[in-house]
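Please read the structure below before turning to the comments.
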Amino acid sequence: MNVFKDFEAKIKAALEAASAAGELPSDLDLSRLTVEPPRDASHGDVSTNAAMVLAKQAGKPPRAIAETLVARLRALPEVTAAEIAGPGFVNLRVAAGYWRRRLTDVLVAGTTYGASTMGNGVAVNVEYVSANPTGPLHAAHARGAVVGDALAALLEKAGYAVTREYYINDAGAQVEVLGRSTYLRYREAVTGEAADIPTGLYPGEYLRDVGQLLAARDGAKWLDKDEAEWLPACRDFAVETILGWIKDDLASMNIRHDVFTSERALVASGAVDSALKSLEDQGLIYVGVLEPPKGKKPEDWEPRPQTLFKATEFGDDVDRPLKKSDGSWTYFANDIAYHLDKVRRGTPVLIDVWGADHGGYVKRMEAAVKAVTGGQGALDVKICQLVHLMDNGQPVKMSKRAGTFVTLRDVLDAVGRDVVRFIMLTRRNDQTLEFDYAKVREQSKDNPVFYVQYAHARCRSVLRHAAEAHADWDLTGPGLASGADLDRLDSPEEVDLIRLLLSWPRLIEAAAEAHEPHRVAFYLHDVASAFHGLWNKGKDDATLRFLIEGDEGVTKARLALVKAVSLVIASGLAIMGVEPVEEMR
RNA sequence: GGCCCCGUAGCUCAGCUGGAUAGAGCACUCGCCUUCUAAGCGAGCGGUCGCAGGUUCGAAUCCUGCCGGGGUCGCCA
């Protein structure tokens, strides 16, 4: 259990007792009350703003309320000091013994430590990757893939029921272009005559593979057919084949989606007509002429009537088109239906992870979700900013096979899965990220992947040494929890590290609530740093090493701490999808 | 031009959704290896949180307007 929740309950109980005693009014609004670690550890272990938040309601100055609160909190056995500071903070110092006892929570829970019931089983749909099935995944997709997957894992850890979803954009003009491009490569494969790919079609080398596979399957079957016959065949074959590649690439990153939804199937099911009908019934659709975008040259602009959605009524800047001139739905219209579909499938909370180029699309989608679900669905769009791929400061060359971009496969081959997954989470998603092959492969503390892995490996190393020297000791988490006298962890550094480990549940809840998986990466860096520091204490003073010959009591206590560190790091890496290593090579 | 994101130490970035003296890493200056992996650790140096207003007991954080960088902008998805 989250230790700060524990103290929050104690503080609220103290306030209620004060109300009952007539020192404070009853029915206090405690919604803005926070119980947190103070920023500066020298202020204590637990801090609350209760007195300041309640000052107005109680009609008393903050310090007077603080006095009341402090008097009651001092009586708690685990509180060694309660002080009023600054404008009215109440700071508590908690007995070191409290923290030490709590360490057993980590040892008993193992890598499930930090799991929360905060989400209460609420269904959340996280949609990520959703790359168009017209070519292999780009390096840029890696970021969205990792952020989405880690966010999904984080939400699961926080107690939400998560669906991981991929939206296949297999409708519209782009897949027609794919079909035509594939046909040329197919003909090339069958006849042996090099194809000339006109502009407007996809020139990528990878379509040669698709053409050859189609030729292998169907032979010359399509050569003398009409376009009306070969186009759907080529299109569907290409989509299926390329989607297979995409799934392979994702599997290489240990990313698996629960649901793949086809845009084409969605349209065919009539979902779009039905979704748009509901907007129409609400009077949110009309035919109108849009103003030209400001700053656009007038000669590029011809006013024309379009079927529009009143996005402006839901916070967007302009109304948005729903129909193309040929009468078919726009991508946006399909997307409205798709989001409604997700809500109707039973997930009221929607998260979309998109690339930077879709930033301009966020407002209209949020507006549409509001409109089409009658405010029932909540959509949060996470935009992943650009990734600048470098190698030793030089931009990485584009893929030969794909022609115009670096593929995700190239990046994986260059640095490996764990490095990609970790580094992609070392920035907030809305911050651009520089990804330098040379830097992320470096084995030094400048490389956060290495630094965190090294801390875990050091823990495992200590535990291996202990197991060799004392084959009869139970070094499992529960074994150490019951077999170690944790009061032997008496140095301030050890208690600091315990406190940090015990803040893991709180971090998970905060990160899950904010939809910010990167916080896990920063937290693990902190844990690793504290552990490396403790390790080096043993370099300066041999009595501070973890394994003390002839002192079973202190050794077991320290092994319990080491074990707990390894468990928390492993638990954090699991959310990030990174494999913890046993030793560095 | 409209909209979105970003602007924090010389550099790369955190900052727990409004709290206390704004934190790490790199770089620079010192110090620590007969010892569980020194692939590491410690100390020092370094900031008008882009600028100007506003809200508040209290602002890097919220609001408004500027400045700078990136992205995007009517039947591409």
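Naming: A, B, ... by sequence-line order, numbering from 1 per chain.
- The side chain to side chain contact (heavy atoms under 4.5 Å, CB included) check on A/Glu552 picks up A/Trp473, A/Lys556, with sequence neighbours excluded.
- Side-chain atoms of A/Lys382 come within 3.5 Å of backbone atoms of A/His515 as a donor-acceptor pair (strictly under, hydrogens ignored).
- You'll find that the side chain of A/Asn49 is closest to B/rG19, out of B/rU12, B/rA77, B/rG19.
- Backbone-only contact: A/Glu263 has heavy atoms under 4.0 Å from sugar-phosphate atoms and none from a base.
- To the nearest whole angstrom, the two P atoms, one in B/rG53 and one in B/rA77, are 49 Å apart.
- Between B/rU29 and B/rG7, the two P atoms lie 31 Å apart (nearest whole Å).
- Remark: side-chain polar atoms of A/Thr330 are paired, donor with acceptor, to backbone N or O of A/Ala333 under 3.5 angstrom.
- No hydrogens or angles were tested; on distance alone, a donor-acceptor pair under 3.5 Å links the side chain of A/Arg506 to the base of B/rC16.
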Protein-nucleotides 24-29 of chain B N/O pairs closer than 3.5 Å?
from   : atom 1 : to       : atom 2 : distance (Å)
B/rC26 : OP1    : A/Lys445 : NZ     : 2.8

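- Within a heavy-atom distance below 4.0 Å of RNA chain B, no residue of residues 555-568 of chain A is found.
- Across B/rG7, B/rA38, B/rU17, the shortest atom-to-atom separation from the side chain of A/Arg519 is found for B/rU17.
- Of the possible polar contacts, none joining the A/Asp380 side chain to the A/Ile351 backbone as a donor-acceptor pair under 3.5 Å is found.
- Distance check: A/Leu489 CG to A/Glu494 CD gives 5.0 Å after rounding to the nearest 0.5 Å.
- Taking only side-chain atoms of A/His532, from C-beta outward, the nucleotide of B/rC13, B/rU37, B/rC41 with the closest atom is B/rC41.
- A/Gln174 and A/Tyr331 share no donor-acceptor pair across their side chains, judged by distance under 3.5 Å alone.
- With C1' as the reference atom, B/rG10 and B/rU72 are 33 Å apart, rounded to whole Å.
- Counting any heavy atom pair closer than 4.0 Å across all strands shown, A/His518 reaches sugar-phosphate atoms only and no base atom.
- Looking only at atom types and distance, the side chain of A/Glu583 has no donor-acceptor partner in the side chain of A/Ser461 under 3.5 Å away.
- Look at A/Phe89 and the base of B/rA20; the rings stack, centres closer than 5.5 Å and planes less than 30° apart.
- Between the side chain of A/Asn91 and the base of B/rA20, at least one donor-acceptor pair of N or O atoms lies under 3.5 Å.
- Residue contacts for A/Ala510: at a heavy-atom cut-off of 4.0 Å it reaches the sugar-phosphate backbone alone, with no base atom in range.
- Scanning RNA chain B for stems, defined as runs of 3 or more consecutive Watson-Crick or G-U wobble pairs whose donor-acceptor distances all fall under 3.5 Å, gives the following ranges: B:1-7 with B:67-73, B:10-13 with B:23-26, B:28-32 with B:40-44, B:50-54 with B:62-66.
- Within 4.0 Å (heavy atoms only), A/Ala466 reaches no atom of the nucleic acid at all.
- A donor and an acceptor atom never sit less than 3.5 Å apart when one is taken from the side chain of A/Asp357 and the other from the base of B/rG71.
- Stacking of A/Arg320 on the aromatic ring of A/Phe332 is not recorded, the 6.0 Å distance cut-off and the 45° axial limit not both being met.
- Annotation: the span from A/Arg143 atom CZ to A/Thr432 atom OG1 amounts to 7.5 Å, rounded to 0.5 Å.
- For the residue pair A/Asn132 / A/Thr134, no side-chain donor-acceptor distance below 3.5 Å is found, with atom types taken as modelled.
- Listed by chain and number, the residues in a side-chain hydrogen bond (donor to acceptor under 3.5 Å, both in side chains) with A/Arg364 amount to none (sequence neighbours excluded).
- Here A/Asp273 pairs with A/Trp329 under the side chain to side chain contact (heavy atoms under 4.5 Å, CB included) rule; sequence neighbours left out.
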